[in-house]
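Below, all heavy atoms of this structure are taken into account, side chains as well, without hydrogens, waters or symmetry copies. Below, chain A is the first sequence line, B the second, and so on; all start at residue 1. Just so we're clear, the structure is a prediction, and the values are computed from it rather than from any experiment.
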Amino acid sequence: MAATSNAKPKRKMKDDDSDGLPKKKPTQYWNQGLLSSIDDPELRVDADDKVVIIRDKYPKAKFHFLAMPKVNIPNLKSLKREHLVLLKHMETKGKEIAQRFDSRRQFRFGYHAVPSMSHLHMHIISQDFDSPSLKTKKHWNSFTTEYFHDSEDIINMLEKNGRVELDTKKYQELLKNPLKCHVCLKDLPNMPNLKQHIKSHDYSSKK
DNA sequence: GTTCTAGAAC
DNA sequence: GTTCTAGAAC
């Protein structure tokens with residue numbers, strides 16, 4: 001008698017491996033994705049001996065880049081005072097890039113409190129948030145609540161305390177906040193409405 | 001981080 | 001009925 005299969009797969013998947021090899025694929029873990037992006041010439045927009053700047057693969061605004069140190073710093077918690085020069089350099093480079101791509105547009109430069117991707121990265125992001133890759137409440141709140149820490153605030157924290165320690169739980173809760181326009185603070189019921197609403201603001205020039 | 005989709009919301 | 005989101009899978 002043939003073996004019975006009583007469990008329906010919940011989603012379709014390839015399990016047609018007639019070669020008898022294990023089904024586990026040798027893919028890298030998704031949270032290490034920046035390690036390959038950092039060396040991808042397609043994404044790179046600038047580099048020097050200390051820092052690489054790449055385009056975000058899934059930009060959440062018209063202009064969205066990541067500045068990363070060449071030395072491996074896993075996260076904010078790894079930062080020491082000895083990194084202050086590097087962080088200031090990253091911020092300077094970030095501002096140069098923003099200036100280069102659109103000198104009139106407003107940008108922010110900063111870090112997510114609890115980033116998904118390993119390897120310290122500073123976001124360089126224009127404040128229009130006009131992008132098809134901006135889809136979820138988590139996306140929105142990660143750039144428009146205190147979950148987003150300006151580079152200068154991180155630098156000040158490190159100068160003052162010698163380290164950057166953030167309450168992970170507190171910041172993860174912020175991602176669930178109701179949707180609110182970052183310009184006029186209007187409440188919006190869902191993402192499609194929010195995306196439509198923010199088009200009404202003018203981002204073409206700094207005020 | 002993204003994709004996919006079940007079930008909530010409308 | 002369709003739209004939208006949240007959580008699992010990857």
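When distances are taken from the side chain of A:L179 to each of C:dC10, C:dT5, B:dT3, the shortest belongs to C:dT5. Across B:dG1, C:dT5, C:dA6, the shortest atom-to-atom separation from the side chain of A:K137 is found for C:dA6. For A:K135, the side-chain atoms get nearest to B:dT3 when compared with the rest of B:dG1, B:dT3, B:dT2.
Using a 4.0 Å cut-off, some side-chain N or O of A:H112 falls inside it from OP1 or OP2 of B:dG1. Using a 4.0 Å cut-off, no side-chain N or O of A:H121 falls inside it from OP1 or OP2 of B:dG1. Listed pair A:K176 / C:dG7 fails the phosphate criterion, with no side-chain N or O lying under 4.0 Å from OP1 or OP2.
Side chains of A:N190 and A:N193: a donor on one and an acceptor on the other come within 3.5 Å. A donor-acceptor pair shorter than 3.5 Å can be found between the side chains of A:S78 and A:N75.
Ring geometry, A:H123 versus A:F143: the interplanar angle exceeds 60°, so the pair is classed perpendicular (tilted spans 30 to 60°). Ring geometry for A:F63 against A:F107 counts as tilted: the plane angle lies between 30° and 60°, on a 0 to 90° scale.
In this structure, A:W140 atom CH2 and C:dT5 atom C1' are separated by 17 Å, rounded to whole Å. A:N31 has its CG atom 17 Å from the P atom of C:dA9, to the nearest Å. Rounded to an integer number of Å, the gap from CG of A:N190 to P of C:dT2 is 18 Å. We find that NZ of A:K57 is positioned 10 Å from C1' of B:dG1, with the value rounded to whole Å. Atom OH of A:Y58 and atom P of B:dT2 are 7 Å apart (whole Å). Here B:dG1 presents its C1' atom at 11 Å from CZ of A:F143, a figure rounded to the nearest Å. For the pair A:Y147 OH and B:dG1 C1', the interatomic distance rounds to 11 Å; values are reported in whole Å. One interatomic measurement links the two molecules: CD of A:Q32 to C1' of C:dC10, which rounds to 15 Å at whole-angstrom precision.
The ring pair (Phe, Tyr, Trp, His ring centres under 6.0 Å) pairs that include a residue from residues 68-96 of chain A number zero, where partners must be two or more places apart or lie in different chains.
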